[in-house]
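Here the structure comes first, spelled out in structure tokens, and everything after it is commentary.
Naming convention: chains lettered A, B, ... in sequence-line order (proteins, then strands); numbering from 1 in each chain.
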There are 2 protein chains.
Amino acid sequence: MACSLDVFGDRWTLLVVRDLVMGAERFKEFTASPEGIPTNVLADRLQRLQHHGVIEQVPAADGTRHPAYRLTAKGKALHPVLAAMRDWGLAWEKGTRAMLKPKRP
Amino acid sequence: MACSLDVFGDRWTLLVVRDLVMGAERFKEFTASPEGIPTNVLADRLQRLQHHGVIEQVPAADGTRHPAYRLTAKGKALHPVLAAMRDWGLAWEKGTRAMLKPKRP
DNA sequence: TATGCTAACTTGCGAATTGCAAGCATCGAG
DNA sequence: CTCGATGCTTGCAATTCGCAAGTTAGCATA
């Protein structure tokens, strides 16, 4: 538990992972999320997640030369955690909704 | 997701909830956990959890007049979240172990 | 009554982390 | 060769954190 929290026990990390699950791959896509993560925090979290082996940087996905980020197996294994948190929020916090379907399943 | 993180999206809150699930009820018991939460942070988190309806303060459990803290239904509903995080940690973070059985189930 | 002990907080303060804004650096399009 | 878009990095004020040191209250012993 405590070790897991060392990896993603803060306000932003799990939101980044959520965006990855939802299909985000590029820096701009994360900043476009409604919560509005500061760019310096995002850069830090991406580095940290990479360091923990939760995500990996792939050099060039499409035509551009900008990096893309993908979940590793370790990162994909976080899905149950996210699902549990989403379900709890939906059940107990009023006025919450969720986009249930990932863009790229 | 984001709303859930508003409630427990920080380093200490979920550790407090974990201790509650494990049977802790009193201030001293939380501070005794191996992670060593600072007392001011603990006081703040207990207040915040109470404010969010995750825990409740019961005036006197045993002979003493010190308060005890208990999970509400909302708090108990966090169990799947904790379980998912524990399982992920055990599966992917090396050298982790867990005390699987709560003292008071 | 004085003295000590423990539990449960609160306060103070230096250090680290955050959020916001602005500033680079690179690339392809025009 | 300028322009806009993208992907970061830097600076700085403000919040939060962690540690240590009080403070308060209820027994307890003498």
Side-chain angles (χ1 to χ4, degrees), chain A residues 1-20 22-52 54-71 103, chain B residues 1-20 22-52 54-71 103:
Chain A
M1 275 269 340
C3 297
S4 302
L5 287 172
D6 282 340
V7 177
F8 52 78
D10 78 283
R11 177 118 184 61
W12 292 111
T13 303
L14 281 178
L15 288 174
V16 171
V17 175
R18 177 204 61 178
D19 287 347
L20 280 159
M22 298 296 276
E25 288 191 328
R26 306 242 310 280
F27 199 92
K28 190 74 187 304
E29 300 183 85
F30 298 110
T31 65
S33 281
E35 291 85 11
I37 184 172
T39 57
N40 53 349
V41 175
L42 175 55
D44 177 73
R45 293 304 180 276
L46 287 172
Q47 248 191 307
R48 196 175 297 188
L49 284 171
Q50 213 175 327
H51 188 259
H52 280 294
V54 174
I55 64 175
E56 58 185 351
Q57 219 183 35
V58 302
D62 50 345
T64 75
R65 274 82 205 255
H66 297 305
Y69 300 94
R70 297 271 179 74
L71 289 170
K103 284 176 199 162
Chain B
M1 276 267 341
C3 297
S4 302
L5 286 171
D6 281 340
V7 177
F8 52 78
D10 78 283
R11 177 117 182 62
W12 291 113
T13 304
L14 281 178
L15 288 173
V16 171
V17 175
R18 177 203 60 180
D19 287 347
L20 281 159
M22 298 297 278
E25 287 190 328
R26 305 244 310 281
F27 199 94
K28 191 74 188 305
E29 301 183 85
F30 298 109
T31 65
S33 282
E35 292 84 11
I37 183 172
T39 57
N40 54 350
V41 175
L42 175 55
D44 176 73
R45 293 303 181 276
L46 288 173
Q47 247 190 310
R48 196 174 298 190
L49 284 172
Q50 214 174 327
H51 188 259
H52 280 294
V54 175
I55 64 175
E56 58 185 350
Q57 219 182 35
V58 301
D62 51 345
T64 76
R65 276 82 206 255
H66 297 305
Y69 300 94
R70 297 270 179 75
L71 289 170
K103 284 175 198 163

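- Within a 6.0 Å radius of CD in B:Q57, other residues, nucleotides and ligands contribute more than 12 heavy atoms.
- Atom OG1 of A:T31 and atom CG of A:L42 lie 7.0 Å apart (nearest 0.5 Å).
- Environment of CD in A:E35: crowded, with over 12 heavy atoms of neighbouring residues, nucleotides or ligands closer than 6.0 Å.
- In this structure, B:I37 places its CD1 atom 14 Å from P of C:dA8, rounding to the nearest Å.
- Rounding to whole angstrom units, CZ of residue A:R48 and P of C:dT18 are separated by 7 Å.
- Per the geometry, CG belonging to B:D44 stands 13 Å off P belonging to C:dC9, to the nearest Å.
- Straight-line distance from the CZ atom of B:F27 to the P atom of D:dT23: 17 Å, rounded to whole Å.
- Among C:dC20, C:dC9, D:dC8, the nucleotide with an atom closest to any side-chain atom of A:N40 is C:dC20.
- Ranking C:dT18, D:dA20, D:dC8 by closeness to the A:W12 side chain, first place goes to C:dT18.
- The CZ atom of A:R45 sits 12 Å away from the C1' atom of C:dG19 (whole-angstrom rounding).
- Within the 4.0 Å cut-off from OP1 or OP2 of D:dT6, not a single side-chain nitrogen or oxygen of A:R26 is found.
- For the pair A:Y69 and D:dG7, the criterion of a side-chain N or O lying under 4.0 Å from OP1 or OP2 is not met.
- Here the nucleotide nearest the side chain of A:A43, chosen from D:dC8, C:dT10, C:dA7, is D:dC8.
- In this structure, the CG atom of A:L42 is 14 Å from the P atom of C:dC20, given to the nearest Å.
- Counting only heavy atoms from C-beta outward, the side chains of B:V54 and B:F8 never approach each other to under 4.5 Å.
- Across all strands shown, A:F30 has no heavy atoms under 4.0 Å from either base or sugar-phosphate atoms.
- Comparing D:dT6, C:dA8, C:dC20 by their nearest atom to the side chain of B:K28 picks out C:dA8.
- Taking atom CZ of A:R11 as the reference point, atom P of D:dC17 lies 13 Å away to the nearest angstrom.
- Closest contact between the side chain of B:H66 and the listed nucleotides C:dA7, C:dT10, D:dG7 involves C:dA7.
- To the nearest angstrom, C1' of D:dT9 lies 11 Å from CD of A:Q47.
- In this structure, a donor-acceptor pair under 3.5 Å is absent between the side chains of A:E25 and A:Y69.
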